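Here is the structure we will look at.
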Amino acid sequence: MVNLTGTAFPWLSLLVLMLPLGALLTAMMPGKEARLAALTTALLTLGVTLVIVAGFDPQQTGFQFVEKTAWMPSLGIAYFMGVDGLSVLFLPFTALLFVGVILASWNAIRTLPRLYFALLLVLECTMMGIFTSLDTILFFLFWEMTLLPLFFLISLWGSGANRRYAGVKYSLFMLAGGLPILLGFVLLALHNSTGMSFSYPELLQGSRSKEIQVAVFFLLLVGFGVKIPLFPLHTWLPVVAQEGPATTVALLTGLKVGAYGLLRFGLPLVPEAALEFRWVLVGLGMIGVLYGAVAALSQTSLRRMLAFSSLSHVGLVVLGIAAFSPQGIQGAVFQLLNFTLIAGGLFLLTGFLHQRTGSTELLSLGGVAKSMPVLASLFFFLGLASIGMPATSGFPAEFLLIVSVLETHTGAGLVVLFVVILGAAYFLNFYRKAFLGEARHDIIRDAPDLKQRELGVLLLMGILVLVFGVYPQGMLNITETSSQYWVSLMLPTGSP
């Protein structure tokens, strides 16, 4: 029986509803006031998420802050929201990243600023809905609603000449990935042993035949794999990273909702099939880890190097999930939260660099550390965190993942250890060429360093990276109970 705990005040509904209202207000404001309206809404949203985390009981199994209202009762569809230890921390981390993106875009957006900032708030609303939905159809609606703001953000404000192509390619990939997700959810509801339902807790309690589980497993794996992305469904990522606005790419690489979907829906609802085909997850994770690192080594664009680095890191997350152990799940959630700070922060810094130099190609860089020492220092620090440097939040997350993979799949664990070396190689090599040495162009020699607003955003992210690196238990305490429950769903007999 899944424990559900409600609340006297609908905090999650407030969280989701205040964002589109803020977007509407932002769209009606002139330029400067639109920025202030968007920032105010994002800060209020961050405040609400902190209230939710403060009221969350990490020792309790099940979902808290639950809100449920009949929506389409004849089909078993409801407005059903709640959070547990696997999802609650995504709320403040997501809100913080959006605050950073708004501040990073403050003076960079000169074309249609009202529309840009309004779309950011709409996108934040959909992300919050994804992390809080406990009805599969409601989750799918929020999932699909991300397409509209992202298409326009990439197509209208991208920095590359092929930004419209990138926007179309991303949208087509996501639409193609959405169809198997919807079909998988419908199959789950129609073949649920306790009756037709799209309620996630009810689907967890029900059972399905092995054939249905296998079909749903591969449908959801493909659907969520497009968004994660898994090899070979990743081809949209380097294109969007190269052509799209750096702030939007920071959101796409920082918020791995595909991995969250796989963790939340893709495996616990079909445990028998997931156990039988765990080797598929391990294989895809290994390929992603290795391919992403090797591809990053050969890049001459900072954006594409970071994109392939992200592909490698999310492959390790998939391996951690496939370990089906509490350590693996905690490490996966920890690393997904790290992405918002580390990958998101690196792309924000890349955007600041692009604004000052007009390029992020290796041939156009060199000597950045002399003219922009603060930007270079923060980039170096977050880059070290991304490769798991001790005393940063990247270390405990990677350590948990590597240990869990070594315990269950030793061969894959050895591949991961090898890729850790490759990760240090591609980052340090690129950093040496792009940031150190003599500046080859006047535009770099004369470029200003980070402004106070930009510095404030990245310093906060850097401080959190240090805090969770030195004291990871603060995060692990929140995820421990839910991680153990997740494993009990996958391994009810305690089998490895």
Side-chain angles (χ1 to χ4, degrees), residues 10-31 33-49 79 81 90-106 108-109 111-133 137-158 163-164 166-168 170-171 173-175 177-178 227 240 244-258 260-261 340 344 347-348:
W11 289 106
L12 298 182
S13 291
L14 175 64
L15 186 65
V16 171
L17 294 176
M18 67 188 299
L19 286 164
L21 292 177
L24 182 62
L25 182 64
T26 299
M28 296 188 297
M29 294 284 188
E33 286 76 7
R35 293 174 172 84
L36 289 173
L39 179 60
T40 302
T41 304
L43 288 172
L44 288 174
T45 301
L46 177 59
V48 172
T49 63
Y79 174 81
M81 308 185 81
F90 284 101
L91 305 184
F93 278 73
T94 299
L96 176 62
L97 181 57
F98 271 93
V99 170
V101 166
I102 290 173
L103 289 173
S105 308
W106 200 260
I109 303 300
T111 304
L112 301 174
R114 293 184 296 176
L115 178 60
Y116 174 85
F117 288 103
L119 287 173
L120 281 181
L121 294 180
V122 171
L123 180 60
E124 185 175 3
C125 171
T126 63
M127 294 295 179
M128 293 298 179
I130 286 173
F131 292 127
T132 57
S133 295
I137 297 301
L138 183 65
F139 169 87
F140 179 75
L141 289 178
F142 281 116
W143 181 272
E144 290 294 282
M145 284 168 58
T146 62
L147 286 178
L148 184 64
L150 282 171
F151 171 76
F152 286 111
L153 287 169
I154 296 169
S155 301
L156 296 180
W157 292 279
R163 58 185 179 275
R164 290 180 177 83
V168 170
Y170 173 82
S171 299
F173 265 73
M174 295 308 118
L175 284 171
K227 192 85 166 181
V240 172
T247 49
T248 301
V249 182
L251 295 172
L252 289 173
T253 57
L255 300 172
K256 295 294 187 182
V257 292
Y260 172 80
T340 62
F347 261 104
L348 290 181

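Start at 1 with the first residue, then count along the sequence. Quick note: numbers below take in every heavy atom, side chains included, and nothing from hydrogens, waters or symmetry partners. Worth saying up front: this structure is predicted, and the values here are computed from it rather than measured.
- Contact of the T26 side chain with the R35 side chain is not registered, since no non-hydrogen atoms from C-beta on lie closer than 4.5 Å.
- Residues forming a side chain to side chain contact (heavy atoms under 4.5 Å, CB included) with L21 (at least two apart in sequence, or on another chain): none.
- Of all heavy-atom pairs spanning S155 and R164, the tightest one is O-CG, 3.8 Å.
- Side-chain atoms of T253 come within 3.5 Å of backbone atoms of V249 as a donor-acceptor pair (strictly under, hydrogens ignored).
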Show, in sequence, the C-alpha distance, side-chain angles and deciding distance for L115 and L119, and conclude whether the side chain to side chain contact (heavy atoms under 4.5 Å, CB included) test is met. CA-CA 6 Å; L115 178 60; L119 287 173; 3.9 Å; yes

Set out, in order, the CA-CA distance, both residues' side-chain angles and the distance that settles side chain to side chain contact (heavy atoms under 4.5 Å, CB included) for T248 and W157, then state yes or no. CA-CA 9 Å; T248 301; W157 292 279; over 6 Å; no

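- In this structure, Y170 has its ring center no closer than 6.0 Å to that of F151.
- Considering only heavy atoms from C-beta on, L255 comes within 4.5 Å of T340 through its side chain.
- With sequence neighbours excluded, the residues satisfying ring pair (Phe, Tyr, Trp, His ring centres under 6.0 Å) with F139 are W143, F265.
- Looking at T146 and K227, their side chains come closer than 4.5 Å, going by heavy atoms from C-beta outward.
- Scanning both residues, F142 and V16, for their nearest heavy atoms gives CZ-CG1, 3.9 Å.
- Distance check: M18 CE to T41 OG1 gives 6.5 Å after rounding to the nearest 0.5 Å.
- The two residues P20 and C125 have their closest heavy-atom pair at CD-SG, 3.8 Å.
- Every side chain to side chain contact (heavy atoms under 4.5 Å, CB included) that P10 has, sequence neighbours left out, goes to S13, E67.
- With sequence neighbours left out, A27 forms a side chain to side chain contact (heavy atoms under 4.5 Å, CB included) with A118.
- The two residues A166 and V240 have their closest heavy-atom pair at O-CG2, 3.9 Å.
- Annotation for A34 and R114: closest pair CB-CG, 3.7 Å, computed over non-hydrogen atoms.
- Here the closest non-hydrogen pair linking A42 and I102 is CB-CD1, 3.6 Å.
- Between R163 atom CZ and L156 atom CG the span is 8.0 Å, to the nearest 0.5 Å.
- Rounding to the nearest 0.5 angstrom, the gap separating the CG atom in L123 from the CG atom in L19 is 10.0 Å.
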Pair I109, T247 - check side chain to side chain contact (heavy atoms under 4.5 Å, CB included), show working. CA-CA 11 Å; I109 303 300; T247 49; 5.7 Å; no

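- Residues L103 and V99 are in side-chain contact: their nearest non-hydrogen atoms beyond the backbone lie under 4.5 Å apart.
- Taking CG of L141 as the reference point, atom CD1 of I130 lies at 11.0 Å (rounded to 0.5 Å).
- Considering only heavy atoms from C-beta on, F131 comes within 4.5 Å of L91 through its side chain.
- Listed by chain and number, the residues in a side chain to side chain contact (heavy atoms under 4.5 Å, CB included) with L36 are W106 (sequence neighbours excluded).
- Residues L150 and L252 are in side-chain contact: their nearest non-hydrogen atoms beyond the backbone lie under 4.5 Å apart.
- Rounding to the nearest 0.5 Å places CE of M128 at 11.5 Å from CG of L14.
- Legend: residues meeting side-chain hydrogen bond (donor to acceptor under 3.5 Å, both in side chains) with S105, ordered by chain and number and at least two apart, are Y116.
- Other residues, nucleotides and ligands contribute only 12 or fewer heavy atoms inside 6.0 Å of the CZ atom of F152.
- At a threshold of 4.5 Å between non-hydrogen side-chain atoms, the residues L120 and L153 count as touching.
- How far CE of M127 is from OG1 of T94: 7.5 Å, rounded to the nearest 0.5 Å.
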List the steps and the verdict of side chain to side chain contact (heavy atoms under 4.5 Å, CB included) for F98 and L251. CA-CA 8 Å; F98 271 93; L251 295 172; 3.8 Å; yes

